[in-house]
*Asks:* 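Just dropping this structure here.
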Number of protein chains: 2
Amino acid sequence: MLGSSNRNRIAERREATRREILDAAWRQAREVGVAGITLRDIARTVGMQPPSLYSHFDSKLAIYDAMYADSWLAYEEHVSRELDPLPTHPRDAIRLIARVFFDFSVADPARYQLMNHRTIPGFEPTAESYAPAVRVLERGVETFGALGVTDRADFDIWVSLLGGLIDQQLANDPGGDRFSRLLERATDMWADAGGIPHRTARRASTKRRARP
Amino acid sequence: MLGSSNRNRIAERREATRREILDAAWRQAREVGVAGITLRDIARTVGMQPPSLYSHFDSKLAIYDAMYADSWLAYEEHVSRELDPLPTHPRDAIRLIARVFFDFSVADPARYQLMNHRTIPGFEPTAESYAPAVRVLERGVETFGALGVTDRADFDIWVSLLGGLIDQQLANDPGGDRFSRLLERATDMWADAGGIPHRTARRASTKRRARP
DNA sequence: TCGAACTGCCTAACATAGTTAGGAGAATGC
DNA sequence: GCATTCTCCTAACTATGTTAGGCAGTTCGA
């Protein structure tokens, strides 16, 4: 009986169309920004009439949702790849995490905007799409814990700082390298203040900045 | 000759209508969010037909622009009032600045969203409306300088951190008091790392936190 | 004071969004 | 082979910001 095989083929074709629509949406997001995405343009790109898109997505927001899930899943994978193996020096690890986060956002500002879903009016990710974002955050807490940062507040502060730095970079100096300089200094400050324990780092004590 | 007096009266009436429109816009922004503002609703509130609004504003974005300018002017005044006189203890001053910033944003999230103009698709403030924002930033640099923070990077990091903390608060814990706790810890970290000099603070030495 | 110019509002209409209704034709399944 | 399902279509609807053009009251100069 070929029923199951056929069913598979159908599902695949359906999935392919879905991906085609999402790819068109991504291309458009990168050209004109996330808010500039238009069902008509997406439809034209994939060779459909706008209402036909509704055979694949419930609404425009559902398309955003799929893109949101895409992004966080990709980011999760990206982080996993970069953090294996984890650097042994805490300060290096912290910088690496920041660098990954930064590269990921600067490489594709549209994606970054989408991942900060609050910047898109009317869009709220579904619980399912939100899950990878939560997992990444948990992974962060875990990683910091392994490096000796057990105070949750310190982690939250670090995340805030990182988000703020990236926003400032994208807003004031897109294409420049302001982020690197600020990150360098911020990491030092954080380390000096005990945010990053010196546990495995012998060199850190010799590097401590003199107080005026 | 009454010409000039008449001209004044006309200008006043015109300004009053303009204010009425902006008030309606603000009310609506607080009810349904900045993105939810609708010319039709504004017009209904002030008792006009939508196209009539164009006698007072060039476009919807022009209304946003006026609201943006309003906000930053109010903030500038707010800051000036709170920082006069400037606390003598640097750490207190830093916390006060953060507190003012936070109160101002939490008291009126719609206003905060507007001040972060990048969160509103298609809106870019005019140079004139942007000026107060620049002045406030300069004022911040100046104030920090008077407190002994001469490294511009340290100031930028502080601003990033503050923005990140507020965003995190508004996103994860609206109505809660997460911000206070994180701010406390962040200020300490910053001070310990030398971001806040102990220069003018004699009491500071007695208050210095013990390092574990 | 009279007529011209201006001002502030109006109605009608338009362009562009997202979205719904309903159907036609091909693919699929018993 | 026939009923069902699926995918796409056209037509139309609603809501948005915006433009065109006009009309009545007000202001202002000769």
Side-chain angles (χ1 to χ4, degrees), chain A residues 1-22 24-25 28-29 31-68 120-124, chain B residues 1-25 28-29 31-68 114 120-124:
Chain A
M1 195 195 283
L2 293 178
S4 129
S5 159
N6 262 349
R7 205 164 307 176
N8 268 356
R9 233 182 40 224
I10 292 174
E12 273 169 31
R13 203 167 50 211
R14 188 173 171 76
E15 181 55 30
T17 310
R18 204 183 137 92
R19 271 258 60 91
E20 213 178 325
I21 292 173
L22 286 178
Q28 208 186 331
E31 275 177 30
V32 297
V34 175
I37 295 180
T38 277
L39 292 189
R40 276 165 175 77
D41 283 342
I42 294 177
R44 189 179 327 121
T45 305
V46 300
M48 276 183 183
Q49 293 301 317
S52 301
L53 297 175
Y54 283 76
S55 297
H56 300 273
F57 292 94
D58 284 344
S59 68
K60 189 188 185 184
L61 291 182
I63 295 181
Y64 282 152
D65 192 61
M67 297 168 81
Y68 177 86
I120 303 167
F123 170 53
E124 193 79 21
Chain B
M1 191 197 288
L2 293 177
S4 126
S5 159
N6 262 349
R7 206 163 307 175
N8 270 355
R9 232 182 40 224
I10 293 176
E12 272 168 31
R13 203 167 49 210
R14 189 173 172 76
E15 182 56 30
T17 311
R18 204 182 137 93
R19 271 258 61 91
E20 213 179 325
I21 292 173
L22 286 179
D23 287 348
Q28 208 185 331
E31 273 177 31
V32 297
V34 175
I37 294 180
T38 278
L39 292 189
R40 274 166 176 76
D41 283 343
I42 294 177
R44 189 179 326 121
T45 305
V46 299
M48 277 184 181
Q49 293 301 317
S52 300
L53 298 175
Y54 284 76
S55 297
H56 300 273
F57 293 94
D58 284 344
S59 66
K60 188 187 184 183
L61 291 182
I63 295 182
Y64 282 152
D65 193 61
M67 297 169 81
Y68 177 87
L114 207 54
I120 302 167
F123 170 53
E124 194 79 21

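Reminder, nothing fancy here: chain letters follow the sequence lines and each chain counts from 1.
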*Asks:* Reading DNA chain C from 5' onward, which residue's closest nucleotide shows up sooner: Arg40(B) or Arg13(B)?
*Replies:* Arg13(B)
*Asks:* For the side chain of Thr38(B), starting at C-beta, report the closest nucleotide among dT11(C), dG8(C), dG17(D).
*Replies:* dG17(D)
*Asks:* Does the side chain of Gln49(A) get closer than 4.0 angstrom to OP1 or OP2 of dC8(D) through an N or O atom?
*Replies:* no
*Asks:* Over how many whole Å does the gap from Tyr64(A) atom OH to dA17(C) atom C1' extend?
*Replies:* 11 Å
*Asks:* Do Val34(A) and Met67(A) have side chains that approach each other closer than 4.5 Å (heavy atoms only, starting at C-beta)?
*Replies:* no
*Asks:* Starting the side chain at C-beta, find the nucleotide from dG18(C), dC9(C), dT18(D) nearest to Ser59(B).
*Replies:* dT18(D)
*Asks:* May I have the distance from Asp58(A) (atom CG) to dT7(D) (atom P), rounded to whole angstrom?
*Replies:* 14 Å
*Asks:* Minimum heavy-atom separation for Ala25(A) to Ile37(A), with atom names?
*Replies:* O-CD1, 3.7 Å
*Asks:* Where the side chain of Tyr54(A) is defined as all heavy atoms beyond and including C-beta, which of dG18(C), dC10(C), dC8(D) is the nearest nucleotide?
*Replies:* dG18(C)
*Asks:* To the nearest angstrom, how far is Glu12(A) atom CD from dA27(C) atom C1'?
*Replies:* 16 Å
*Asks:* Scan Ile37(B) against the nucleic acid and name what it touches under 4.0 Å (heavy atoms): base, sugar-phosphate only, or nothing.
*Replies:* sugar-phosphate
*Asks:* Atom CD of Glu15(B) to atom P of dT7(C): distance rounded to whole Å?
*Replies:* 16 Å
*Asks:* Using atom CG of Leu53(A) as one end and atom C1' of dA21(C) as the other, report the distance to the nearest whole Å.
*Replies:* 17 Å
*Asks:* So do Glu20(A) and His56(A) actually touch side chain to side chain, heavy atoms under 4.5 Å?
*Replies:* no
*Asks:* What is the separation between atom CD1 on Ile63(B) and atom P on dT16(D), rounded to the nearest whole Å?
*Replies:* 14 Å
*Asks:* Compare side-chain N and O positions of His56(B) against OP1 and OP2 of dT7(C) and report whether any pair is under 4.0 Å apart.
*Replies:* no
*Asks:* Within less than 4.0 Å of OP1 or OP2 of dC9(C), is there a side-chain N or O belonging to Ser55(B)?
*Replies:* no
*Asks:* Taking CZ from Phe123(A) and P from dG18(C), how many angstroms apart are they, rounded to a whole number?
*Replies:* 15 Å
*Asks:* Which pair of heavy atoms, one from Leu61(A) and one from Gly122(A), lies closest together, and at what distance?
*Replies:* CD1-O, 3.4 Å
*Asks:* How close do Gln28(A) and Ile42(A) get, heavy atom to heavy atom, and via which atoms?
*Replies:* OE1-CG1, 3.4 Å
*Asks:* What's the closest nucleotide to the side chain of Lys60(A) if the choices are dG18(C), dT18(D), dC9(C)?
*Replies:* dG18(C)
*Asks:* Could you tell me the separation between the CG atom of Leu61(B) and the C1' atom of dT18(D), rounded to a whole number of Å?
*Replies:* 12 Å
